[in-house]
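Chain A is the first sequence line, chain B the second, and so forth, proteins listed ahead of strands; every chain is numbered from 1.
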Amino acid sequence: MTKLLSTYEGLVSTTVISQLRQLGLRLAGKKVVHVNSTREGGGVAEILEWMVPLMQDVGLDVQWEVIEGNADFFDVTKKFHNGLQGFPVTINSREWQTYRGLNEENAVRLRPILEDADLVVIHDPQPAALLGLCPNRKGKWIWRAHIDVSRPARAVWQGLKPFVSGYDASIFSMCQFAQPLPHPQFLIPPSIDPLSQKNMDLAPEEIAAVRHQYNLDPKKPLLVQISRFDRFKDPLGVIAAYQLVRKVQPVQLVLAGGGATDDPEGQKVLEEVLEAANGDPDIHVLLLPSDAHRTINALQRLADIVIQKSTREGFGLTVTEGLWKGKPVIGGDTGGIRLQLINYHTGFLVNTPEGAAHRIRFLLHHKGLRNKMGVKAREFVRENFLHTRQLREYLTLFHILNSQQEASTIYI
Amino acid sequence: MEDFIIQDCTLLSRTSNVPPAINLRELRDRIATCRQDVLYHHFCETPLVPCFDNPDYRNDFAVWALLQVGDRVLAERLGIINPYLYTDLEKLREQVLEILDERLSEVHFVPSCLHGSEFFFSEAVTVVFDTGLRVTSPPELPEAIGRMTNGSIYYHFLESRRREPVGVDDFSAWLACFPGHEDWCQSLQSVDFSFFTLSELRDELVRTLQTGGAS
């Protein structure tokens, strides 16, 4: 369903909405083209699904184009993805040729649209080579890196860098994720949609039904970690923390995630999790389908404490989602979780199962503080990490590039 | 008397070319040579940067010293700096370097943070625009402030202190043109803005004007 800006009224203040309209008014009619590699599935498509209609709603002439690829191309770009995130991969010359070739094929179709646009946003590495294939471009081109490229496999970055260096600007989610490039690199953290199935308010009956469906005891405090079964999410560490808490007081744990069945590594981790759970009736390991957004939403709302005990993490939007539900979060001291969890304010950062157990006990003991932290956490998300903020920052960037000024303050 | 022109602004952070610092020595050396925009960003623009905290200190250096380096002495010394008292950012830089040098002379080893918690230097670009809204007389001001965005509050109450007349917020500067509103000016100037988020500051300004007395 296409959402208009007005649907966010009530969740954010009217001044936030009117500010976005003011920013849009001054860009009215500008032709903006977003390009990525898939229309459905994946984080980037999810972002464009909301961003494109909202940009149109504030007056921009926005198109979303998707490059067409084949299995060989996506095998190569999957290697890019892994290599840019630091895994040692090798890309041979034939694979680089596949990458260039598919971009050339797509350029034939997209060139008229891209060269005519005032602003082009290329998402991730897959379509990045299009810049060099549009020599008569008139607008500004932005490369949006959605992944952490702070410690890439050197050969992959060296190969990709010539394709992205020529852009007018790039966007990274955090300064920790960026790489030096010969153009301005802007910082736009991700955001969550308060109206999505995963984050919208749910009726108490629906939440209760999920509690009943999964046999959760309303009398025992509930800990919930939502994430795929991946070693970096440390589900075994969460079980160890739960077991330490259980020695002192009754408690129950939900570990819920999806996507393990077609992932051999995920399947193995899931088996290890089930083994560690050892049939404990208070540990609920839930393998959920990929569209179980409302169930995830309900589980987070049922939780007394949300946990995200990752040992390695990108921004960590599951933490943001937990905070939006008004829950303090206990999270691993890594990546973007560090930005989101401030001890005693929005949650706690921990490094070990023992540390997690201690903070779980602390929060269960201090119910008043837990509630206060939850209220505060939700307000921080409302102010800073909803889609309206991300839209504002994109519009701000468009103004900056449109102004042709180098100054740190631009009057429009 | 001229109408009060309500401006708004939005900020977008960007990386600087300054390498991250992992200890106080590196922090000192980077601050000594970074662009003024970097210094300004970490001292003054923090209220507009998306974050999850309403920290004890309003500048990023003090927050880093406290949370990542664990040097509470340094955090306290840096945290009390009011950047708006410095009309020249070079003077502010000198003051910060003085504090860092003093601290480095006191400690037996150079305090450091853990890998992954380095201080990342950034800067920002601010886009300022006229909202088209006007306040024509002082009695309208509290309600108008109550409807302002965080960007407008930042621009008119904080950023304004660096513009002429230096050290004065836009609301006070405008009210000063209307005889009989000295109490409001005084009340606004006595607001200690350091401990408010921008939305809290908006509420505080409205409350101050509503209770601060005016003729």
For [X], I'd like to know if atom [atom1] has over 12 heavy atoms of other residues, nucleotides or ligands within 6.0 Å.
X	atom1	value
B:R25	CZ	no
B:N17	CG	no
B:E143	CD	no
B:E90	CD	yes
A:L369	CG	yes
B:R134	CZ	yes

Between OG1 on residue A:T15 and CE on residue B:M148, distance to nearest 0.5 Å: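 So the gap between those two atoms works out to 11.0 Å.
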
Spacing of OG belonging to A:S170 relative to CZ belonging to B:R14, to within rounding of 0.5 Å: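 So the OG of A:S170 and the CZ of B:R14 are separated by 10.0 Å.
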
Short question: side chain of A:R338, backbone of B:G116 - any donor-acceptor pair under 3.5 Å?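 Checking the backbone N and O of B:G116 against the side chain of A:R338, a donor-acceptor pair under 3.5 Å is found.
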
Side-chain donor or acceptor of A:Q185 paired with backbone N/O of B:T15 under 3.5 Å: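 Flag not set: sc A:Q185 to bb B:T15 has no pair under 3.5 Å.
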
Residues 392-412 of chain A: residues contacting chain B (heavy atom under 4.5 Å, by number):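 Within residues 392-412 of chain A, the residues that come under 4.5 Å of chain B (heavy atoms only) are A:R392, A:E393, A:T396, A:L397, A:H399, A:I400, A:A407, A:S408, A:T409, A:I410, A:Y411, A:I412.
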
For [X], is it the side chain, the backbone, both, or neither that has a heavy atom closer than 4.5 Å to a heavy atom of chain A?
X	answer
B:S16	neither
B:L11	backbone
B:S152	neither

Which atoms of [X] come close to chain B, meaning under 4.5 Å heavy atom to heavy atom: side chain ones, backbone ones, both, or neither?
X	result
A:L323	side chain
A:I188	side chain
A:P184	both
A:R21	neither
A:F172	neither

Can you tell if the side chain of A:Q19 reaches within under 4.5 Å of the side chain of B:T10, non-hydrogen atoms only?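 Yes; the side chains approach each other to less than 4.5 Å.
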
Any non-hydrogen side-chain atom of B:N150 less than 4.5 Å from a side-chain atom of A:E383?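 The answer is yes; the side chains approach within 4.5 Å.
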
Against chain B, work out which of A:T14, A:L23, A:V16 has the most heavy-atom pairs shorter than 4.5 Å and name it.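 Ranked by heavy-atom pairs under 4.5 Å with chain B, first place is A:L23.
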
Specify which of B:C9, B:S117, B:P20 makes the most heavy-atom pairs with chain A at under 4.5 Å.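 So the answer, after comparing B:C9, B:S117, B:P20, is B:S117.
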
